[in-house]
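Each ligand, and each atom within it, is numbered from 1 in the order the structure gives.
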Amino acid sequence: MRPVTIGVLSYQGTVIEHIQALSKLEGVTPMEVKTLPALEAVDGLILPGGESTTIAKLLDIFELMEPLRQRILQGMPVWGTCAGEILLAKEIVGEQHHLAVMDLTVRRNAYGRQIDSFTEYAPIHGISETPVELVFIRAPWIEAVGEKAQVICRVNGHAVAARQDNMLATSFHPEFTHDLTVHRWFTKEVERHKYSQPQ
Ligand code: GLN
């Protein structure tokens with residue numbers, strides 16, 4: 001494993017959990033990202049779970065929304081978990097979009113109040129063909145995908161993860177489990193992207 005620096009957008013949400021998962025992986029230097037110099041220093045970025053409206057507000061306040069959008073469009077690997085998925089989506093049912101880089105329509109808090117948190121097991125195609133533990137907390141689901149995005153995981157008939165080029169979105173939180181499968185997969189993507197670039 002060649003060395004990579006992976007950032008976690010660190011305004012609010014499951015920041016510590018992602019940093020802890022990344023620190024268990026060989027070759028990875030995790031880094032909190034709040035400012036432009038930090039964004040420029042990372043090879044890939046995780047957008048954590050939390051409250052998408054709060055994180056979006058802070059992206060605006062720190063003037064990071066547009067630079068982050070540009071880095072994603074230029075190919076930096078990015079993975080959004082839950083609120084992070086909402087930030088990436090081009091459409092949010094009934095609400096304004098944020099980064100709007102991924103060909104997804106998502107519905108916030110889609111599972112409603114009664115089952116707002118639950119755990120399921122399902123394969124994530126291309127990442128793990130054996131079922132992995134999926135933790136949902138006031139999660140969105142993916143209501144529709146455009147031509148460029150591909151659904152890679154479904155639970156009870158609803159799409160809950162998708163890929164598009166350098167982007168991964170999951171409605172669930174691997175950072176709340178002991179299973180490092182998705183973090184390991186993302187790290188490999190970051191490594192592949194970093195070392196395929198002219199240095
Ligand atoms: N309900 C949150 C939102 O809409 C997402 C929840 C989470 O990230 N666990 O932003």
**Q.** Heavy-atom check, side chain of Ile46 versus side chain of Trp79, under 4.5 Å
**A.** yes
Q.
Any non-hydrogen side-chain atom of Ile92 less than 4.5 Å from a side-chain atom of Ile86?
A. yes
Q: Could you pull out all residues at least two apart from Glu129 that satisfy side-chain hydrogen bond (donor to acceptor under 3.5 Å, both in side chains)?
A: His125
Q. Which parts of the protein, at residue level, reach under 4.0 Å of ligand 1 through a heavy atom?
A. Gly49, Gly50, Glu51, Ser52, Cys82, Ala83, Ile86, Arg108, Asn109, Ile137, Arg138, His173
(Q) Check this for me, if you would: do Lys148 and Asp103 make a salt bridge, where the nitrogen-to-carboxylate-oxygen distance has to be below 4.0 angstrom? (A) no
Q: Could you check His18, Lys24, Lys188 and say which one makes a side chain to side chain donor-acceptor pair (under 3.5 Å) with His183?
A: His18
Q. Just wondering, do Asp116 and Ile137 contact through their side chains at under 4.5 Å, heavy atoms?
A. no
